[in-house]
Amino acid sequence: MSRYPFPGAGPDPLITSMMAGLPARQQPRWPDRSLLAPVHDRLARESPLVSYASVRELRGLLARAAEGEFCLIQAGDCVELTTECEPCDVERKVEMLDVLGDVMRTGSGLPVVRVGRMAGQFAKPRSDDWETVPGGRLPVFRGPVVNAPDACGQARTPDPSRVVAGLEAARCAVTALDRLGRGEGAAPEDRVWTSHEALLLDYELPQVRRHADGGSYLASTHWPWIGERTRQVDFAHVRLMAELDNPVACKIGPEATVDEVLELCAVLDPHRTPGRLTLIARFGAGRVTGLAPLVRAVRQAGHPVLWMCDPMHGNTVKRPDGLKTRRLDAIMSEIRQCVDLLAENSERCAGLHLEASPDDISECEGAGCVPVRGPGYRSLCDPRLSLVQAVAAAAHWRLPVGAAA
């Protein structure tokens with residue numbers, strides 16, 4: 001576990017000071033932290049990846065989604081590669097979001113807010129710091145802004161220069177969205193918004209900016225989220241998100257208690273503002289009933305959160321041969337259960353959070369696919385749905401009868 005301050009200058013000294021000394025989980029063990037100072041300075045000097053005006057616009061859309069005017073699709077890679085942020089890559093990902101959005105619009109009768117796990121989904125939390133490979137143990141792959149996936153010690157050594165490469169790749173992706181007419185200036189119904197897990201603090205904190213209204217926002221993405229492993233209320237990730245004017249989301253799994261979730265809501269949504277906070281349920285098909293007391297408690301406390309379903313992370317299994325996969329039938333089961341459970345507790349499932357690829361992959365089981373090691377299994381972390389599988393999953397999301405606008 002790391003503790004900060006961060007070396008180097010930052011654009012928002014109040015937040016940098018506030019973060020000093022806070023514990024932070026899932027951070028790399030950099031061999032030489034002094035090399036991070038010029039990295040932080042570079043990120044702090046760069047122009048924002050997203051504007052505060054666009055962040056404010058998305059927050060308004062999410063507030064309307066909380067009122068039932070929109071539904072949401074948030075989808076993309078498990079871990080985004082910095083080498084796959086070129087215009088051709090971004091165009092395929094946008095096309096996937098459009099297909100999934102059309103499926104959800106057909107099923108709900110509502111317009112769809114399209115959000116990509118893109119332009120920054122470069123760092124991943126891991127359950128272990130090490131992995132066993134032929135010949136010994138290596139530090140685990142934590143995403144391309146930290147280290148490389150190649151199974152050798154040099155590649156797995158955290159390298160601060162990769163943080164700058166991540167910023168450059170994210171800017172390439174954002175620029176591609178703009179050139180496609182799906183970024184800055186696009187109509188809300190045409191826009192593709194960016195999102196990622198705000199995990200690597202050495203990437204995120206230098207990109208906090210002051211805005212004209214007097215507050216701060218995270219300029220690395222429109223919609224940051226906190227993962228299940230880093231949602232401790234007195235730790236760095238939650239405290240950073242609490243200071244930002246972006247809309248924020250938090251993953252909630254089956255180990256979460258009522259008290260923990262209420263504390264998160266109190267810290268992240270102290271003014272009970274529609275559109276501010278989204279809770280993304282990731283329970284697994286066999287444990288969805290555990291969501292009910294959390295939903296009731298949040299509703300009783302008066303927090304107007306958006307609820308979304310992440311049917312991916314609770315349904316990951318490792319086969320006897322060590323290959324990780326997910327079953328499409330379990331994913332679809334969790335979607336149906338989540339929608340029904342929320343409706344039974346006077347809430348609605350606003351949409352889906354999927355790990356999916358527009359490419360012809362075979363990483364999840366179902367829709368005629370049986371994953372095997374080889375060219376069709378390209379994920380460097382968790383298995384993703386193919387487009388055909390993602391369409392099948394999206395078709396299982398629907399509003400309860402009478403809930404559509």
Side-chain angles (χ1 to χ4, degrees), residues 47-76 80 90 93-94 97-98 100-101 104-105 108 110-121 170-171 173-178 180-198 204 207-226 240-251 268-269 271-280 303-308 310 348-354 405:
S47 59
L49 287 171
V50 302
S51 69
Y52 178 60
S54 63
V55 164
R56 189 170 51 196
E57 184 179 9
L58 175 60
R59 190 160 168 174
L61 287 177
L62 295 179
R64 294 171 65 188
E67 297 297 324
E69 295 184 41
F70 292 92
C71 59
L72 310 170
I73 179 64
Q74 187 176 26
E80 186 182 15
V90 172
K93 295 172 185 179
V94 168
L97 287 168
D98 284 343
L100 298 178
M104 296 183 72
R105 178 192 289 268
S108 68
L110 295 175
V112 181
V113 178
R114 294 166 171 84
V115 185
R117 288 175 57 109
M118 62 189 302
Q121 182 54 23
R171 192 174 301 283
V174 168
T175 301
L177 285 174
D178 291 343
L180 287 168
R182 308 300 295 272
E184 289 282 346
E189 61 270 21
D190 295 329
R191 181 106 193 225
V192 171
W193 307 89
T194 66
S195 69
H196 65 254
E197 180 176 357
E204 307 297 348
Q207 295 193 70
V208 175
R209 301 288 190 268
R210 301 292 293 178
H211 59 72
D213 293 344
S216 300
Y217 83 105
L218 184 60
S220 67
T221 189
H222 296 109
W223 196 11
W225 78 81
I226 304 164
L240 173 59
M241 295 297 107
E243 297 298 318
L244 303 176
D245 289 333
N246 304 66
V248 299
C250 186
K251 296 284 189 80
L268 296 174
D269 180 33
H271 305 298
R272 292 169 169 79
T273 306
R276 160 62 178 172
L277 176 61
T278 299
L279 295 179
I280 305 173
H303 290 281
V305 305
L306 278 165
W307 290 98
M308 291 181 69
D310 170 0
R348 61 186 289 271
C349 182
L352 294 178
H353 182 113
L354 302 176

Rounded to the nearest 0.5 Å, how far does [atom2] of [Y] lie from [atom1] of [X]?
X: Leu268; Y: Thr273; atom1: CG; atom2: OG1; result: 12.0 Å
X: Leu180; Y: Lys93; atom1: CG; atom2: NZ; result: 12.5 Å
X: Trp225; Y: Gln74; atom1: CH2; atom2: CD; result: 5.5 Å
X: Met118; Y: Glu80; atom1: CE; atom2: CD; result: 6.5 Å
X: Arg276; Y: Leu306; atom1: CZ; atom2: CG; result: 13.0 Å
X: Arg105; Y: Ile73; atom1: CZ; atom2: CD1; result: 13.5 Å

Determine, stepwise, if the pair Val113 / Leu58 fulfils side-chain contact (heavy atoms from CB on, under 4.5 Å). CA-CA 9 Å; Val113 178; Leu58 175 60; 4.2 Å; yes
Within a strict 4.5 Å, meaning less than it, do heavy atoms of the [X] and [Y] side chains meet?
X: His353; Y: Lys251; result: yes
X: Val90; Y: Thr175; result: no
X: Asp245; Y: Val55; result: no
X: Val248; Y: Leu277; result: yes
X: Gln207; Y: Pro48; result: no
X: Cys71; Y: Leu352; result: no
X: Leu110; Y: Phe70; result: no
X: Glu189; Y: Pro111; result: no

Contact summary for [X] and [Y], nearest pair of heavy atoms:
X: Arg171; Y: Ser47; answer: NH2-O, 2.7 Å
X: Gly275; Y: Pro247; answer: O-CB, 3.5 Å
X: Arg348; Y: Gly68; answer: NH1-CA, 3.7 Å
X: Ile280; Y: Ala249; answer: CD1-CB, 3.8 Å
X: Ala119; Y: His196; answer: O-ND1, 4.2 Å
X: Ser51; Y: Ser54; answer: O-OG, 2.8 Å

Would you confirm whether [X], through its side chain, and [Y], through its main-chain N or O, come within 3.5 Å as a donor-acceptor pair?
X: Thr221; Y: Pro224; value: no
X: Asn246; Y: Leu218; value: yes
X: Glu197; Y: Gln121; value: no
X: Arg210; Y: Gly214; value: yes
X: Arg114; Y: Asp190; value: no

Verdict with supporting geometry, Leu72 and Leu62, side-chain contact (heavy atoms from CB on, under 4.5 Å): CA-CA 9 Å; Leu72 310 170; Leu62 295 179; 3.8 Å; yes
For a side-chain contact (heavy atoms from CB on, under 4.5 Å) check, start with the C-alpha distance between Leu49 and Thr194, then their side-chain angles and the critical distance, and finish with the verdict. CA-CA 10 Å; Leu49 287 171; Thr194 66; over 6 Å; no
Parallel, tilted or perpendicular: which one describes the rings of Tyr217 and His211, with boundaries at 30° and 60°?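 Tilted.
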Which one of Arg191, Glu57, Arg59, Arg56 satisfies the side chain to side chain donor-acceptor pair (under 3.5 Å) criterion with His222?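 That would be Arg191.
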Is it true that the side chains of Ser216 and Glu243 contain a donor and an acceptor less than 3.5 Å apart?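 Distance-only check fails for Ser216 and Glu243.
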